[in-house]
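Some notes on the structure that comes next.
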Amino acid sequence: MAKDPYTRLVEAVTSAIAEKVGEDKQKIFYLIGKPPREELGDLSFPAVRYEKRGAATVDELIQAITDKLEEEGIDYAEVSRAGAYINIKILAERAIKHVANMLKEYQRLELPKTENPQRLVVEHTSANPIHPMHMGHARNATIGDTLSRLLRARGHLVNTRFYVDDVGKQVAVAAYGVRILGIDPLEEAEKRGIKPDEFIGWIYAVTHTLVDVKMLKKEIEESGDKSLRDKLDDLLLVLKDLEEKGPREYFDRLLEHIGRVEDPEKEISELMVRYERGEEPEKGLVRRVAETALVGIQATLDRMNVSFDAWDWESDLVWSSRVGRLIEEAKKSKYFTWYKGAEAIDIPRFVKEVLSRDPDLRKYFKLPRGFEIPPLILRRSDGTTLYTTRDMAYTIYKFEAWSADKVYNVIGADQRLAQLQLRLALAAIGYVREAVNLVHYDYELVTLPGKKLSSRRGRIITLDNILEELKATAWIEVKKRNPDKPDKWINDTAEKIAIGAIRFKMIQTSAPKPIVFSVEKALDLSENSGPYLQYTYARASSILRKHGPVNYEAIRPGSCNDPDRRRLLIEALRFPLTAAKAADDLAPEQLAVYLLRLADMFNSWYQKDTVIREPDPGARECKALLVELVRNVIGSGLDLLGIPVLERM
RNA sequence: GGGCCCGUAGCUCAGCCAGGACAGAGCGCUGGCCUCCUAAGCCAGUGGUCGGGGGUUCAAAUCCCCCCGGGCCCGCCA
C-alpha cells in the first residue's frame with residue numbers, strides 16, 4: 001500500500017537517526033517533534049542529547065538523514081541545522097504530486113499497519129442488566145468502542161465482548177419483583193410502550209426500595225434507634241417518586257406483596273442460589289429479566305454506534321462448570337489456603353514469595369509500595385461463588401475464546417484494586433501469562449454536578465435522556481438551516497449530531513480524569529465539539545460538491561507553496577501517524593485533539609481563500625485538492641471515533 | 001491508618017509516561033466580519049507564581065523527594 005509522503009518521510013528520518021545513534025526506533029520517533037516556529041520547518045529533532053553523549057554529532061546526523069532520504073527517493077524534504085536542533089522542511093510543490101496520487105487511489109487515509117499484529121480482546125461496557133445505561137456507561141462504551149476501532153485500524157485482530165452480569169443479587173432483586181407481578185416483562189414493556197430496560201429498572205428500584213423500607217422499619221422497631229428515622233424518611237421519599245413514574249397497579253401489587261412477606265431478603269437469596277444452580281423455574285425467570293433489560297441496553301448501544309462481537313453470560317460460566325473447574329485447579333495450587341473458614345487464595349504469600357524475588361513480574365503488576373491485600377475468598381461457606389472467582393474463570397475464557405495475546409478490560413478506576421487482585425490470584429494459581437497480559441484500562445467516573453448518581457433508586461439520568469435533550473437542541477438548529485428538508489432527514493441529522501456530541505465529549509477528556517458532565521455544556525455544539533468536526537466535514541463536502549471532481553493534472557505545484565495552503569497540507573498529512581500513535585498509546589483523545597486542530601486550521605483558511613471563485617485553474621485545483629484531503633482526513637478520523645459523518649448539516 | 005488517581009488562564013481541558021528552542025486550545029468577556037464556496041464559522045483583544053517547596057540536569061509543566069487540596073479503593077457485595 002502506498003504510504004502518504006509524510007509517513008514515508010518520518011519513517012525514513014526515524015530509521016536514519018536510530019541506526020546512526022544505535023537507539024530504538026520507537027524512542028527516536030517519540031523525540032521527533034515540531035519546531036516552535038513554522039519558518040524553521042515541519043519536523044524537528046533535539047540532536048544535542050546524542051552529541052553530548054558522543055553518539056553522533058549534529059552534522060553526522062544530518063548527513064545520515066540526507067543519505068537516507070536519497071536512498072528512499074524522497075526528494076520533497078530539506079534538512080537544516082539550527083544550533084543543536086535538526087529541522088526538516090517539506091517542500092509542498094514537490095510533495096503535492098504524491099498526495100494527488102494517493103487521493104486518486106484511496107477514499108480514506110489509512111493508518112500505517114503495526115509491525116506486530118496481535119489478537120486482542122476488548123471487554124467493555126458490561127452494564128448490569130437491571131437498568132438503562134447512564135453516563136458512566138456512556139464513557140465506558142465510547143472508550144471501549146473507540147479503542148477497538150483504533151486497534152483494528154492499526155492492524156490488530158480485535159474481538160469485542162460484553163459481560164452479562166446476571167449472577168448475583170441485583171438481577172435477583174429485579175427478578176423477585178417480576179415474579180411477584182407474574183408478568184412476562186418484555187411483552188409487557190412492549191405492550192405499554194415502555195423501553196424494556198427502563199421497565200426493568202423501575203421494577204428493580206421499586207422492589208429494592210420496598211425491601212429496604214421493610215427491613216429498616218423492622219430494625220427501628222427492634223432497636224428503637226431513632227437515628228434511623230431520617231434514613232427511612234429519605235427512602236419513603238424515593239418511593240413516592242417511583243410511584244409516579246411507573247404503572248400504578250404494579251406499584252400497588254409490589255407494595256402489597258412485599259408488605260405481607262415475612263422476610264423478603266431471604267426469598268431473594270433463595271432465588272439467587274437456585275439460579276446459580278441452574279434450577280427451574282428461576283433459571284428461565286432470571287434469564288428473561290436480564291434479556292429484557294439487554295434488549296433496551298442494546299438499542300441504546302446501537303444508537304451510540306457501538307456493537308459487540310460476543311455477549312458472555314456469567315451464568316453460563318457457572319453452569320458450564322468452568323467456575324467449578326477453576327476452583328478445583330486453585331485447590332491444587334501451592335497458594336491455596338483456608339481463610340476465615342472458606343476456600344481462598346493466599347495472595348499475600350504469593351506476593352511475598354514470588355513477586356518480591358522477581359522484579360520484572362513485580363513491574364508488570366505495578367504493585368504499590370506498601371501493598372497489602374487479604375487472601376481472596378473463592379467460595380462462600382454456603383457453597384456459592386463470588387464475583388471475583390467467576391471473573392477469574394471469565395478471564396481465562398476470554399483468552400481461550402479468541403486465542404488472545406492480550407485482553408483489555410475497560411472498567412472504572414474504582415475497580416483498580418479488584419482488578420489487581422484478580423490478576424494476582426490468576427498468577428498465583430499458575431495463569432501467569434493471562435495475568436500479565438490482562439490489562440485494566442481504567443477511566444475515572446462521570447459525575448453530574450450536584451446529586452450523586454444512584455441507580456438502585458432509579459435516580460439516574462439515563463444516556464437516552466441526555467441523547468434526547470441533545471437531539472432536541474440539534475433539531476431546532478438543523479430545521480432552521482434546512483427548512484425545506486423532509487422531517488425524516490432532519491430527524492436523522494439531529495440524531496447523528498447528538499451522537500457526535502456525546503461521543504466526542506466522552507473521548508476528549510483523557511481516561512484518568514474525572515468528567516463532571518454538564519448538560520448545558522454538552523448542548524453547546526460550537527468549537528471543541530463533535531458537531532464542530534461534523535460541521536467542518538459537511539462544509540468541505542459542500543465545497544467539493546460545487547466544485548466537482550478535482551482535476552489533479554491541472555494543479556500548478558508552485559501554487560501549493562502559499563504558506564496557508566502549505567500549512568494545511570502538512571497538518572492533514574500528519575493524520576495517519578497521529579492516529580497510529582493514538583492506537584499504540586491507547587489514547588484516543590490524541591486523535592480528537594488533532595482533528596480539532598486540523599478543523600481550526602481549515603476553517604481559518606476557508607475564510608480568507610476562496611476555492612470555487614479562484615480564477616487561476618492551477619491554483620484552484622491545488623485548493624480543491626486540499627479540501628478533498630481535509631475532508632478525507634476528518635472523515636477517516638470521525639470513523640475512528642465512531643462519530644457519524646454528515647454530508648450536510 | 002495504608003494505597004492509587006487528579007491539581008496548568010475565571011470555567012472545561014491539551015501538553016507530562018518517552019525532559020528540549022517564547023506554556024497551547026475552547027468557553028467566557030470586549031470589539032469587528034454574511035449583496036461572496038455552510039456564520040454550528042472567522043478575525044482582533046483579554047487572561048497563567050503550570051497546587052506549594054526542595055532536588056537532579058546544559059535544560060523541568062514534564063523526572064525524584066516532601067507538603068497541601070479534591071476524588072476513589074481497602075467485604076464470605078457486585
Side-chain angles (χ1 to χ4, degrees), chain A residues 24 26-31 33 35-37 40 44-46 48-49 52 82-85 87 128 165 167-171 314 339-344 366-374 377-382 384-388 390-391 412-418 420-421 442 444-445 447 474 477-478 480-482 497 505 508-510 512-516 518 521 524-529 531-536 538-547 585 587 589-590 592-594 596-597 599-600 603-614 623-624 627 648-649:
Chain A
D24 189 53
Q26 179 87 344
K27 167 113 187 177
I28 301 297
F29 174 68
Y30 283 138
L31 286 173
R37 285 187 311 281
L40 295 170
S44 72
F45 184 77
V48 58
R49 56 203 293 156
K52 269 221 167 278
Y85 288 83
N87 294 322
N128 286 346
D165 205 348
V167 181
K169 191 114 174 240
Q170 289 191 308
V171 183
E314 191 175 12
Y339 181 67
K340 295 188 189 172
E343 297 145 286
K366 292 206 193 99
L367 276 201
R369 265 168 313 177
F371 184 71
E372 268 180 64
I373 197 168
I377 291 175
L378 291 169
R379 195 145 56 176
R380 295 187 185 90
S381 319
D382 69 1
T384 55
T385 55
L386 279 106
Y387 180 83
T388 309
R390 302 189 292 266
D391 206 5
D414 52 348
Q415 298 295 317
R416 249 178 276 216
L417 188 62
L420 177 59
Q421 189 181 31
D442 55 341
E444 271 297 338
L445 301 181
T447 55
E477 199 66 23
V478 176
K480 201 164 75 194
R481 288 152 197 264
N482 303 274
I497 291 169
K505 268 270 173 294
Q508 72 169 338
T509 302
S510 58
K513 295 202 185 190
I515 294 181
V516 178
S518 141
K521 278 196 176 155
D524 178 7
L525 307 177
S526 65
E527 267 177 277
N528 252 357
S529 74
Y532 171 66
L533 292 178
Q534 291 171 310
Y535 177 77
T536 306
R539 178 181 254 177
S541 291
S542 169
I543 296 169
L544 284 173
R545 261 196 310 275
K546 289 183 174 138
H547 174 274
D585 292 354
E589 71 275 10
Q590 290 178 10
V593 167
Y594 161 79
L596 284 179
R597 205 170 51 219
D600 285 345
N603 283 318
S604 166
W605 171 71
Y606 159 90
Q607 218 74 28
K608 55 181 171 186
D609 201 1
T610 177
V611 177
I612 294 175
R613 275 179 305 279
E614 165 66 54
K623 295 191 212 174
V627 176
R648 278 177 214 274
M649 67 186 272

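Numbered from 1 within each chain, the chains take letters A, B, ... in sequence-line order.
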So [X], base contact, sugar-phosphate only, or nothing? Heavy-atom distance under 4.0 Å.
X         : result
Arg648(A) : base
Ser44(A)  : base
Asn87(A)  : base
Asp609(A) : base
Val171(A) : nothing
Ser604(A) : sugar-phosphate

Check: Taking the nucleotide of RNA chain B with the closest heavy atom to each, which residue, Pro36(A) or Gln607(A), is nearer the 5' end?
Finding: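 By nearest-heavy-atom nucleotide position, the 5'-most residue is Pro36(A).
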
Note to self: Could you spell out the base pairing of RNA chain B as a dot-bracket line? Use Watson-Crick and G-U wobble contacts where both distances are under 3.5 Å, [ ] for crossing pairs, | for partners on a different strand.
What the structure shows: (((((((..((((......[...))))((((((.......))))))....(((((..]....))))))))))))....

Can you measure [X] atom [atom1] to [N] atom [atom2] for me and round it to whole angstrom units?
X         : N       : atom1 : atom2 : result
Gln590(A) : rC13(B) : CD    : P     : 18 Å
Trp605(A) : rC42(B) : CH2   : P     : 14 Å
Glu589(A) : rC17(B) : CD    : C1'   : 12 Å
Arg37(A)  : rG24(B) : CZ    : P     : 12 Å
Gln534(A) : rG41(B) : CD    : C1'   : 15 Å
Leu367(A) : rG2(B)  : CG    : P     : 19 Å
Glu477(A) : rU38(B) : CD    : P     : 16 Å

[N] and [M]: how far apart are their [atom1] atoms, nearest whole angstrom?
N       : M       : atom1 : value
rA61(B) : rU56(B) : P     : 16 Å
rU49(B) : rU8(B)  : P     : 12 Å
rA23(B) : rA14(B) : C1'   : 11 Å
rG45(B) : rU57(B) : P     : 41 Å
rA21(B) : rC65(B) : P     : 25 Å
rC76(B) : rU12(B) : P     : 39 Å
rC17(B) : rG26(B) : C1'   : 25 Å
rC43(B) : rG55(B) : C1'   : 46 Å

Any side-chain N or O of [X] below 4.0 angstrom from OP1/OP2 of [N]?
X         : N       : result
Tyr606(A) : rA39(B) : yes
Tyr532(A) : rC42(B) : yes
Lys608(A) : rC33(B) : no
Arg545(A) : rU38(B) : no

Checklist line | Pairing residues for Glu589(A) by the salt bridge (Lys or Arg N to Asp or Glu O under 4.0 Å) criterion, not counting sequence neighbours | finding: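 By the salt bridge (Lys or Arg N to Asp or Glu O under 4.0 Å) rule, Glu589(A) matches no residue at all.
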
Item checked: Syn/anti label of rC34(B) as read from its glycosidic torsion, with the cut at 90° from 0 ->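 Because its glycosidic torsion lies within 90° of 0, rC34(B) adopts the syn conformation.
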
Margin query: Using modelled atom types and a 3.5 Å cut-off, is there a donor and acceptor pairing between side-chain atoms of Asp391(A) and backbone atoms of Tyr387(A)?
Written below: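 No, the answer is negative, given that no donor and acceptor are paired below the 3.5 Å cut-off.
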
Next item on the list: Indicate yes or no for a side-chain donor-acceptor contact from Lys623(A) to the backbone of Thr610(A) under 3.5 Å, with no hydrogens or angles considered.
Entry: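 Yes.
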
Margin query: Once side chain to side chain contact (heavy atoms under 4.5 Å, CB included) is applied, do any residues pair with Tyr532(A), and if so which ones, sequence neighbours excluded?
Written below: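 If we apply the side chain to side chain contact (heavy atoms under 4.5 Å, CB included) test to Tyr532(A), skipping adjacent residues, the hits are Glu527(A), Ser529(A), Thr536(A), Leu596(A), Ala599(A), Asp600(A), Asn603(A).
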
From [X] [atom1] over to [Y] [atom2], what is the distance, rounded to the nearest 0.5 angstrom?
X         : Y         : atom1 : atom2 : result
Ile373(A) : Gln421(A) : CD1   : CD    : 4.0 Å
Asp524(A) : Lys521(A) : CG    : NZ    : 9.5 Å
Gln534(A) : Ser541(A) : CD    : OG    : 11.5 Å
Asn482(A) : Met649(A) : CG    : CE    : 9.5 Å

So which heavy atom on [X] is nearest to which on [Y], and how close?
X         : Y         : value
Ala540(A) : Val627(A) : O-CG1, 3.5 Å
Ile377(A) : Ala344(A) : CA-CB, 3.9 Å
Leu525(A) : Ile497(A) : CD1-CG2, 4.1 Å
Pro46(A)  : Leu31(A)  : CD-O, 3.6 Å
Ser44(A)  : Asn87(A)  : CB-OD1, 3.3 Å
Gly412(A) : Leu445(A) : CA-CD2, 4.3 Å

Write out a two-atom table: protein N or O, nucleotide N or O from nucleotides 73-78 of chain B, distance below 3.5 Å.
from, atom 1, to, atom 2, distance (Å)
rC76(B), O2, Ser381(A), N, 2.6
rC76(B), O2, Ser381(A), OG, 3.0
rC76(B), N3, Ser381(A), OG, 2.2
rC76(B), N4, Lys340(A), O, 2.5
rC76(B), N4, Ser381(A), OG, 3.3
rC77(B), OP2, Arg380(A), NE, 2.4
rC77(B), OP2, Arg380(A), NH2, 2.8
rC77(B), O3', Arg380(A), NH2, 3.2
rA78(B), OP1, Arg380(A), NH2, 2.3
rA78(B), OP2, Arg380(A), NH2, 3.2
rA78(B), OP2, Tyr387(A), N, 3.4
rA78(B), O3', Asp165(A), OD1, 3.4
rA78(B), O3', Val167(A), O, 3.3
rA78(B), N1, Gln415(A), OE1, 3.1

Next item on the list: Sugar-phosphate atoms are those with a prime plus P, OP1 and OP2; base atoms are the rest. Using that split, label each nucleotide of nucleotides 3-10 of chain B B, S or - for protein heavy atoms under 4.0 Å, 5' to 3'.
Entry: SSSSS---

Next item on the list: Please state whether the base of rA18(B) and the side chain of Asp585(A) form at least one donor-acceptor pair under 3.5 Å?
Entry: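 Yes.
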
Next item on the list: Would you mind telling me which of Glu314(A), Arg390(A), Arg379(A), Arg380(A) makes a side chain to side chain donor-acceptor pair (under 3.5 Å) with Thr385(A)?
Entry: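 Testing each of Glu314(A), Arg390(A), Arg379(A), Arg380(A) against Thr385(A), the sole residue satisfying side chain to side chain donor-acceptor pair (under 3.5 Å) is Arg390(A).
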
Next item on the list: Could you walk me through whether Asp585(A) and Gln590(A) pass side-chain hydrogen bond (donor to acceptor under 3.5 Å, both in side chains), step by step?
Entry: CA-CA 9 Å; Asp585(A) 292 354; Gln590(A) 290 178 10; 3.2 Å; yes

Got a list of protein N/O to nucleotides 25-29 of chain B N/O distances below 3.5 Å?
from, atom 1, to, atom 2, distance (Å)
rG26(B), O4', Asn528(A), ND2, 3.1
rG26(B), O2', Glu527(A), O, 3.2

